[in-house]
Amino acid sequence: MAKRKTKKILLFCDPGIDDSLAIIYTLLDPDLELVGLVTSYGNVTEDQATSNAYYLLDLAGQKNIPIIPGAAQPVQQEKVTYYPDIHGAEGIGPIQPPADMKYQTYPFDTIGILIEKYQKDLIIVDTGRSTSLAIAFILFDEQIKQVGAFYIMGGAFFVPGNVTPLAEANFYGDPTSSNYICKYANNLTITPLNVTEFALLTMETVEYVTNTATNPFTILLKPIFEYYYKAYQKLVPGIKGAPIHDLLTIMIINNPAIAEYIYYDVSVIDGTVEGKGLSYIDIRPGSQKGKTRIAVKLDYDGFINEFVKVMLA
């Protein structure tokens with residue numbers, strides 16, 4: 001019997017509740033193969049992100065997947081803001097990974113080794129700040145051109161930001177690096193707030209999955225979602241669920257029809273306080289469209305159906 005062909009995923013992340021759900025989904029989807037995790041600052045510190053990543057891999061019995069510590073701060077070396085009110089003090093809501101966990105991490109040049117191994121079969125996904133990925137571009141300049149595709153969660157195009165009126169958190173956190181990635185990444189897909197803020201999980205869906213699924217993450221799903229949902233109810237009174245931004249970014253790799261897209265070149269402002277992190281495209285009459293695929297409309301039913309299918313697999 002032929003071995004099932006999977007898409008190889010190298011995930012840059014800062015778990016974080018929505019990053020954690022993206023990791024869980026990747027581990028459970030039989031058509032995806034997680035070949036490495038690069039952990040960085042963002043929702044939590046780089047150290048905590050690394051600990052959280054190992055905790056999730058340990059639950060899945062997948063301790064062979066390399067965890068590669070990345071950046072601890074942005075290139076501007078500004079004070080980093082974390083979000084314990086949204087993600088919890090340790091980043092996974094009320095869940096506290098064991099303090100005595102012993103785990104091995106891998107050096108940053110493991111990224112180059114993975115690129116050489118998988119080449120065009122490798123898909124790099126970044127659901128956090130862009131710093132570590134920009135460093136990888138600089139260090140592995142020729143190798144990284146071999147990567148098959150890039151998927152980035154970030155930005156907001158003609159919709160409000162979530163950390164300032166203009167900017168989404170990932171692009172705001174290190175706009176210099178985000179602008180660099182938008183300029184140089186080939187075969188790039190961006191999932192901005194235009195779609196991810198509508199990727200809402202509801203309590204009804206979470207309870208159904210919790211009561212039906214038998215995977216090792218079932219015990220986590222309800223408590224972390226409840227924490228996340230309560231935080232969003234304070235931010236957006238009346239919201240019917242909680243947006244799982246990073247999950248959608250992984251999901252569209254195998255399910256592109258879940259979103260509708262436009263194609264433009266993307267820039268990110270990194271020089272002014274007021275406009276810092278603003279992502280924009282040139283839509284003036286006569287301007288040329290670009291190569292970056294930007295998701296702008298979500299098929300919500302498709303999103304929910306795919307989430308349930310994989311969680312119950």
Verify the distance criterion only: is there a donor paired with an acceptor across the side chains of Thr81 and Lys79 at less than 3.5 Å?
-> no
Flag yes if Tyr25 and Val209 sit in one hydrophobic cluster, no otherwise; membership is Ile, Leu, Val, Met, Phe, Trp, Tyr, and two members link when side-chain heavy atoms are under 4.5 Å apart.
-> yes
Distance-only side-chain donor-acceptor flag, Ser40 / Ser132, under 3.5 Å = yes
Phe198: what forms a ring-ring contact (aromatic ring centres under 6.0 Å, His included) with it, not counting sequence neighbours?
-> none
Have Thr191 and Thr249 got a donor and an acceptor in their side chains that come within less than 3.5 Å?
-> yes
In terms of hydrophobic clustering (I, L, V, M, F, W, Y; side-chain heavy atoms under 4.5 Å; direct or indirect links), are Ile219 and Leu21 co-clustered?
-> yes
Between Leu114 and Gly36, which heavy-atom pair has the shortest distance, and what is it?
-> CD1-CA, 4.4 Å
Report yes or no: do Ile258 and Tyr151 belong to one cluster of Ile/Leu/Val/Met/Phe/Trp/Tyr joined by side chain heavy-atom distances under 4.5 Å?
-> yes
Between Thr50 and Thr39, does any side-chain donor sit less than 3.5 Å from a side-chain acceptor?
-> yes
For Tyr54, is the NZ or CZ atom of Lys63 found under 6.0 angstrom from the centre of its six-membered ring and inside 45 degrees of the ring axis?
-> no
With side chains defined as the heavy atoms from C-beta onward, is the minimum distance between Ile250 and Asp29 less than 4.5 Å?
-> no
If every non-hydrogen atom of Ile253 is compared with every non-hydrogen atom of Lys7, which pair is closest and at what distance?
-> O-NZ, 3.4 Å
Under 3.5 Å, is there a donor-acceptor pair between the Gln48 and Glu90 side chains?
-> no
Is the closest side-chain heavy-atom distance between Pro15 and Tyr55 below 4.5 Å?
-> no
Over 60° means perpendicular and under 30° means parallel, so classify the ring planes of Tyr180 and Phe137, tilted if in between.
-> perpendicular
Establish whether Phe157 and Tyr263 are linked, either directly or via other cluster members, by ILVMFWY side-chain heavy-atom contacts under 4.5 Å.
-> no
Relative to each other, are the rings of Tyr228 and His87 parallel, tilted or perpendicular (30° and 60° limits)?
-> tilted
Classify the side-chain pair Ser279/Glu168 by whether it contains a donor and acceptor separated by less than 3.5 Å.
-> no
Dump the intermediate steps for side-chain contact (heavy atoms from CB on, under 4.5 Å) on Asp58 and Tyr103, then the final yes or no.
-> CA-CA 10 Å; Asp58 188 36; Tyr103 53 88; over 6 Å; no
